[in-house]
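What follows is a short report on a single structure.
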There are 2 protein chains.
Amino acid sequence: MAYLKGAPRSLAATSLLLTQERVETVARPTVNDIAKEAGVSLATVDRVLNGRPGVRKKTVEKVNEAIRRIGYVRDITAANLARRREYHFVFVLPESDSLFLQSVRDMVNEVAELSRLDRTRITILPVPAHDPHLIAARLGELATVAVDGVAILAPETPPVRDAIRHLKEQDRAVVTLVSDQPNSDRDHFVGVDNVMAGRTAGALMGRFLGPGRHRVMVLVNSMQARDSLERRFGFDQVIAESWPDIEVLPSLEGRDDMDYISSLLPRALEQRGAVDGLYVLGAGNREVSRVLKSLGLSQQVTVIAHELTESTRRGLESGVVDAVITQNVGHIVRSAIRVLRATCDGTPIIEAQEKIRLEIVIRENLP
Amino acid sequence: MAYLKGAPRSLAATSLLLTQERVETVARPTVNDIAKEAGVSLATVDRVLNGRPGVRKKTVEKVNEAIRRIGYVRDITAANLARRREYHFVFVLPESDSLFLQSVRDMVNEVAELSRLDRTRITILPVPAHDPHLIAARLGELATVAVDGVAILAPETPPVRDAIRHLKEQDRAVVTLVSDQPNSDRDHFVGVDNVMAGRTAGALMGRFLGPGRHRVMVLVNSMQARDSLERRFGFDQVIAESWPDIEVLPSLEGRDDMDYISSLLPRALEQRGAVDGLYVLGAGNREVSRVLKSLGLSQQVTVIAHELTESTRRGLESGVVDAVITQNVGHIVRSAIRVLRATCDGTPIIEAQEKIRLEIVIRENLP
DNA sequence: CTGAAAGCGCTTACAG
DNA sequence: CTGAAAGCGCTTACAG
């Protein structure tokens with residue numbers, strides 16, 4: 001273990017411990033050591049190590065035995081150097097001008113630049129957000145070209161799910177991003193639990209509104225998307241459990257149309273009478289701030305929104321938005337790449353590191 | 001750029017783009033290319049690349065010119081392989097049985113195990129928490145042994161600050177952890193802004209208590225530590241700014257003594273009359289839960305605490321604790337190692353990745 | 001001040 | 001089915 005047991009009693013002891021450790025460091029065994037130990041050539045060791053065919057069963061056993069005996073662990077960087085291994089990953093992202101998706105794209109581009117130093121090429125493939133068949137077709141294309149891994153951000157649909165299955169059959173590493181595709185054979189999902197996100201939003205709404213009867217309006221882009229449904233579900237769940245005096249109104253669907261939201265929202269706010277809370281479940285944050293300000297309601301209404309973007313950040317700073325539930329885009333993109341690479345290499349991932357946190361941001365902890 | 005400009009018009013176009021890119025990929029230039037381009041040997045290229053002496057000025061220029069021309073970027077993994085470079089980092093951590101410090105130790109041990117695959121050895125050096133001179137002496141020892149980098153978690157004091165300066169003179173990479181040592185020449189601070197942490201705690205306290213007059217008690221381990229002072233400062237600041245009706249009482253110092261806290265707290269709660277909020281600034285979370293429950297106050301008092309540990313987690317789950325302000329220990333430890341390594345290699349760090357987030361945890365987003 | 005050769009830990013043709 | 005030799009991109013003695 002790395003832990004020096006007990007506190008060293010004197011300075012001399014400390015020094016001794018550290019220098020001794022240095023001296024006694026035993027060189028890690030290499031392929032050469034295996035070859036010697038097993039009495040075979042390097043090439044044979046390599047064949048066994050990489051599970052390549054054309055080795056007698058008995059020889060395989062001999063080599064594996066030697067590996068076990070000397071406790072060999074492969075140096076993956078040396079292997080990649082010798083192989084001239086390069087990774088080519090494609091990020092399949094919807095063509096959408098939402099600030100969140102924009103930040104994902106920007107982050108992918110930024111990380112792509114740095115990844116070239118790690119022999120990793122990253123490409124963005126934009127797809128129409130709402131055409132599952134076209135998305136599936138594009139994914140089908142990826143199964144025919146020289147791509148090692150694919151990260152997909154798309155609504156859950158059967159064609160996409162099948163296309164992912166096909167990618168896996170073609171031996172590509174696949175992760176889903178932000179919104180999962182369950183039952184699709186993807187290797188990993190990089191994102192948060194959206195039911196939990198909705199519950200968190202609901203709990204904050206309840207606590208911020210405080211005791212008493214309140215009405216909460218919910219604004220959503222479209223109730224088609226799985227993530228929206230899950231968030232609304234979690235929100236309703238926690239409100240029903242803990243704040244039964246809060247009435248949550250039916251979702252108002254903005255349908256990805258900013259002008260529509262801008263006209264819908266003021267009418268709804270007036271028509272439905274006093275509203276104390278607004279839960280912005282999907283897009284439309286820019287419009288919300290504008291409308292609330294123009295109606296002079298920005299201080300009266302408690303607003304909880306999702307995803308920290310330029311517009312929700314300004315909302316927090318100006319006090320229109322009270323809390324934002326978000327996921328770190330940089331973490332998501334880097335995690336996706338680490339997981340894709342680990343999948344290609346067949347190495348394990350560090351679960352805790354790849355777990356995307358559900359972050360709560362208020363004005364005071366704005367990064 | 002990695003971004004494929006515009007949406008491809010047809011599937012054929014997509015496929016073409018990707019395969020073409022593959023074909024046109026130009027091999028990255030290597031040291032051999034520099035040598036050819038500059039008309040010198042590999043050894044000379046290496047000398048220039050690593051700034052080693054014994055090369056004529058004119059030759060240096062010739063090589064640098066070639067490097068610039070062909071756009072060479074060094075492959076650090078190949079360099080480390082050839083060098084048989086190993087990193088040896090020491091984490092200097094206080095001997096304390098606080099759950100937070102325990103989790104830091106556990107995480108260092110866990111990461112240490114995995115880091116051996118990356119030619120990185122990590123050792124923990126335990127030091128007495130409250131003896132600055134002894135800590136400084138231990139750090140002095142580290143400057144004499146074969147250690148590449150040191151991560152230090154210790155209260156800010158002049159002896160420690162000077163010891164860090166000395167480590168830097170001996171060319172060790174140094175980062176401070178959790179609690180910074182400003183003016184110490186450390187290369188980097190891995191942790192959060194504690195004034196911000198206090199402000200965040202204050203804002204949550206204000207919002208959770210709601211409008212009206214309230215009294216808040218503050219429990220702290222010791223007001224000596226810089227991080228405690230900063231948190232209290234931020235807390236008071238935001239309360240004064242935004243919730244002037246909240247009265248924040250003087251800090252109660254627990255002095256690292258669990259029994260003392262257990263007897264102090266009930267007396268203070270009774271003596272001071274109605275208390276609506278409790279801000280647990282430092283240690284003592286285990287006692288707080290016990291005392292509040294035994295007094296039957298766990299539902300009446302709003303509790304905000306720091307650091308997500310076993311005990312604050314249980315507090316959140318049982319409803320005694322309302323929110324926890326925390327920093328991800330895994331992220332801190334991994335960040336420290338990445339920064340130490342980058343400092344040793346002289347490579348840049350990714351600021352956004354190394355920025356430790358101030359996380360808010362309530363029952364609903366408990367990881 | 002400069003270069004030829006060997007080597008880091010691993011893989012890849014090629015030959016047998 | 002197995003092995004000797006060359007090579008990945010870089011560095012390190014050693015010789016001149």
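Keep in mind that the numbers below use all heavy atoms, side chains included, and drop hydrogens, waters and symmetry copies. In what follows, chains are A, B, ... by sequence order, proteins preceding strands, each numbered from 1.
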* Structure fact -> Looking only at C:dC10, D:dG9, D:dA4, the nucleotide nearest the A:Asp46 side chain is C:dC10

* Asked: Looking at C:dA13, C:dG3, C:dT11, which one has an atom nearest to any side-chain atom of A:Leu49?
  ->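 Among C:dA13, C:dG3, C:dT11, the one nearest the side chain of A:Leu49 is C:dT11.
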
* Hey, does the side-chain of B:Arg119 have a donor or acceptor N/O within less than 3.5 Å of a partner on the base of C:dG9? -> no

* Base C:dG9 to side chain A:Arg83, donor-acceptor N/O within 3.5 Å cut-off -> no

* Give none if C:dA15 has no partner; otherwise give the nucleotide forming a Watson-Crick or G-U wobble pair with it, both distances under 3.5 Å. =>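 D:dT2 - that is the nucleotide pairing with C:dA15, both distances being under 3.5 Å.
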
* **B:Arg186 with B:Asp180: basic N within carboxylate O range, under 4.0 Å** => yes

* Basic-acidic side-chain contact under 4.0 Å: A:Lys168, A:Asp187 -> yes

* Is any side-chain nitrogen or oxygen of A:Thr59 closer than 4.0 Å to OP1 or OP2 of D:dT2? -> yes

* Asked: Is any side-chain nitrogen or oxygen of A:Thr30 closer than 4.0 Å to OP1 or OP2 of C:dG9?
  ->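 For C:dG9, OP1/OP2 do not have a side-chain N/O of A:Thr30 under 4.0 Å.
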
* To do: Mind calculating the distance between CG (B:Leu117) and P (C:dC10) to the nearest angstrom?
  =>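 Spelled out: CG on B:Leu117 to P on C:dC10 is 12 Å.
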
* Asked: Once you round it to whole Å, what is the distance between C1' of D:dG9 and CZ of B:Arg28?
  -> 9 Å

* For A:Ile152, does its backbone N or O pair with a side-chain atom of A:Gln181 as donor and acceptor, under 3.5 Å? ->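 Judged by distance alone, no pair lies under 3.5 Å.
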
